[in-house]
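Please read the structure below before turning to the comments.
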Protein chains: 2
Amino acid sequence: MTTMTAARLPFSPADRPPLGLRERKKIKTREAIRAAMYALVEEQGYEATTVEQIAERAEVSASTVFRYFPTKEDIVLTDEYDPILLEELRARPADEPWPDTIRDVMLAAARVGVEEDPHVARLRTRLMAEVPAVRSRMMESMSVTGRLICAALAERTGRDPDSLEVRVYAMSFIGGLMEASLYWAENGHQGDFTAVVDRALDVLEHGPGQEDR
Amino acid sequence: MTTMTAARLPFSPADRPPLGLRERKKIKTREAIRAAMYALVEEQGYEATTVEQIAERAEVSASTVFRYFPTKEDIVLTDEYDPILLEELRARPADEPWPDTIRDVMLAAARVGVEEDPHVARLRTRLMAEVPAVRSRMMESMSVTGRLICAALAERTGRDPDSLEVRVYAMSFIGGLMEASLYWAENGHQGDFTAVVDRALDVLEHGPGQEDR
DNA sequence: AGGCTTTTGACAGTTACTGCCATTTCGTGG
DNA sequence: CCACGAAATGGCAGTAACTGTCAAAAGCCT
């Protein structure tokens with residue numbers, strides 16, 4: 001109930017002010033833990049960093065770290081893309097052709113994700129490529145994004161979000177985007193991430209090109 | 001070096017006889033461990049089964065279990081689809097249109113996987129759906145299958161197997177097939193698995209249907 | 001200031017997994 | 001058939017990520 005405040009739907013405009021000391025401190029702690037982990041990972045690498053070290057540097061106990069993040073991997077990668085996606089989806093006209101919708105929504109999410117903190121975005125994708133555990137956790141988190149795509153597509157086309165067809169489509173999408181991120185990281189984060197995503201979206205929409213033969 | 005004998009390429013016909021006592025015993029141990037785990041999982045569930053229990057029932061030490069399988073998850077799901085896939089790929093004419101190739105190859109692999117031991121196939125997919133750790137491990141293993149698809153597509157179309165386009169295509173494929181397995185398991189393994197895969201392949205080839213609007 | 005709730009730290013316990021070393025077991029050449 | 005080297009095994013100690021519990025501390029409210 002404390003962790004994962006992702007599902008809070010639209011963000012009513014007036015709920016910034018009423019933040020008690022408690023809430024503010026929680027945010028600070030959360031970010032202190034993140035910062036500690038980022039720093040340690042850059043110094044020693046992911047596996048070499050223990051949760052105790054993270055706790056120590058963040059000046060909290062190990063128990064507290066686990067109260068804020070369910071697993072070590074989550075410390076590096078929890079960040080809510082889904083709300084952005086939802087917001088972006090909501091902003092689109094309901095009769096827009098689906099391919100256009102999904103493309104723009106994905107590009108927007110990618111843009112926000114990278115521009116917000118380019119340094120962290122790179123570290124995150126690098127770890128995704130290098131550390132299996134991180135990659136796995138990311139996949140899990142992406143698959144809930146997949147369900148979100150199911151819902152969106154279902155809503156716009158009047159299909160069953162739980163049908164095999166819709167689900168397979170959504171997860172193939174996720175798989176493709178995941179690979180795009182990996183590609184970007186493996187090639188030293190060359191070029192614009194959104195450009196990479198754009199190319200990936202082409203493939204997902206039209207296939208790899210030169211279809212047969 | 002002992003585990004994962006998957007990459008042994010074509011299977012020359014005459015290497016069944018020269019199996020020493022040692023080799024035979026190793027296979028027996030391996031299967032004993034697997035059998036022990038399957039049984040215990042059905043009795044108590046996945047998480048409740050510890051490696052020590054598995055070792056005990058298989059009449060080996062815990063050390064030995066870890067010598068045979070790198071992780072607990074691998075005990076349930078290691079089984080080499082990739083060799084089947086390779087063999088099947090090899091059997092196809094080189095000028096066959098790619099969509100036909102990939103479809104038939106995948107269907108063949110699915111068929112073999114399920115028919116060989118339906119009971120285990122169901123348990124495996126059920127665990128995939130229910131246990132995140134198993135699902136993750138499966139994803140990792142599927143992503144090496146993805147590289148295999150990259151290589152095959154690249155070879156047949158003269159493209160770079162490491163290009164973004166080819167990689168995204170392959171992984172979207174994997175994502176879709178993964179979801180098909182999950183779907184099958186979540187719906188109580190209704191119907192033929194190959195039929196489910198067939199529908200998934202339609203989606204991967206042509207999109208979810210009713211493209212836009 | 002005093003009582004209530006939430007957050008925190010300390011601690012003990014579990015389990016997957018890693019190395020290391022001594023012992024056993026198998027394959028082989030004499 | 002027997003030794004000798006290599007491989008497989010078991011036992012043990014250690015690590016690190018979690019989990020659950022309980023008492024102390026800190027923010028909140030009147």
Side-chain angles (χ1 to χ4, degrees), chain A residues 1-5 17-33 36-37 40-41 44-78 127 131-137 140, chain B residues 1-5 17-33 36-37 40-41 44-78 127 131-137 140:
Chain A
M1 199 174 274
T2 57
T3 50
M4 300 285 163
T5 357
L19 269 228
L21 212 187
R22 233 170 215 165
E23 304 293 318
R24 266 177 288 148
K25 209 167 189 180
K26 263 166 86 171
I27 295 178
K28 258 173 71 177
T29 305
R30 197 177 174 78
E31 289 184 356
I33 296 173
M37 171 129 203
L40 285 166
V41 165
Q44 328 171 331
Y46 181 87
E47 340 245 16
T49 351
T50 77
V51 174
E52 289 218 6
Q53 291 175 328
I54 300 168
E56 195 179 351
R57 183 163 306 197
E59 294 181 291
V60 293
S61 73
S63 323
T64 301
V65 173
F66 285 114
R67 276 200 195 84
Y68 279 81
F69 301 93
T71 74
K72 185 183 165 189
E73 293 85 49
D74 283 291
I75 307 179
V76 216
L77 41 75
T78 300
L127 289 178
V131 184
V134 173
R135 183 168 51 247
S136 289
R137 200 72 187 74
E140 281 297 303
Chain B
M1 199 172 273
T2 57
T3 50
M4 301 285 164
T5 357
L19 269 225
L21 212 190
R22 227 168 220 167
E23 305 293 319
R24 267 178 287 148
K25 209 168 190 182
K26 264 166 84 171
I27 294 178
K28 257 174 72 178
T29 305
R30 196 178 175 80
E31 287 182 358
I33 295 173
M37 171 131 205
L40 284 166
V41 165
Q44 327 171 334
Y46 181 87
E47 339 245 16
T49 334
T50 77
V51 174
E52 290 216 6
Q53 290 175 329
I54 300 168
E56 195 179 350
R57 182 162 306 197
E59 295 181 289
V60 293
S61 73
S63 321
T64 300
V65 173
F66 285 114
R67 273 197 258 278
Y68 278 81
F69 301 93
T71 72
K72 185 182 165 189
E73 293 84 51
D74 283 292
I75 306 178
V76 215
L77 42 76
T78 298
L127 290 178
V131 184
V134 174
R135 183 167 53 247
S136 288
R137 199 73 187 78
E140 280 297 303

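Treat the numbers as computed from the prediction; the structure is a model and nothing was measured. Numbers restart at 1 for each chain; the letters A, B, ... are given by sequence-line order, proteins then strands.
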Once base and sugar-phosphate atoms are separated, protein heavy atoms under 4.0 Å mark nucleotides 21-28 of chain D, 5' to 3', with B, S and - as -----BBS
Could you state the atom-to-atom distance from CD of E52(A) to P of dT15(D) in whole Å?
11 Å
Pairs in or reaching into residues 45-56 of chain A: which pass salt bridge (charged side-chain N to carboxylate O under 4.0 Å, His left out), with residues at least two apart or in two chains?
none
dT14(C) P sits how many Å from Q53(B) CD, rounded?
13 Å
Residue list, side chain to side chain contact (heavy atoms under 4.5 Å, CB included) with V41(B), at least two apart or on another chain
M37(B), Y46(B), T49(B), L123(B), L127(B)
Pairwise 5' ranking along DNA chain C for A62(A) and T71(B), keeping only the more 5' one
A62(A)
Rounded to whole Å, how long is the line connecting atom CZ of R30(A) with atom P of dT6(C)?
19 Å
Of the listed nucleotides (dA16(D), dG9(C), dT9(D)), which one gets closest to any side-chain atom of V60(A)?
dG9(C)
Given F69(B), which partner from the list I75(B), L77(B), V76(B) fulfils the side chain to side chain contact (heavy atoms under 4.5 Å, CB included) test?
I75(B)
Nearest of dA16(C), dT7(C), dA16(D) to any side-chain atom of T50(B)?
dA16(C)
Y68(A) side-chain N/O to dT7(C) phosphate OP1/OP2 under 4.0 Å
no
Side chain to side chain donor-acceptor pair (under 3.5 Å) partners for R57(B), two or more places apart
E43(B)
By side chain to side chain donor-acceptor pair (under 3.5 Å), S61(A) pairs with (sequence neighbours left out) T64(A)
When you check the phosphate oxygens OP1 and OP2 of dG9(C), does a side-chain N or O of T64(A) lie under 4.0 Å from one of them?
yes
Applying side chain to side chain donor-acceptor pair (under 3.5 Å) to E140(B) and not counting sequence neighbours gives R135(A)
Could you tell me how far apart F66(B) (CZ) and dC12(D) (P) are, to the nearest whole angstrom?
17 Å
Would you say S61(A) reaches dA10(C)'s phosphate, i.e. side-chain N/O to OP1/OP2 under 4.0 Å?
no
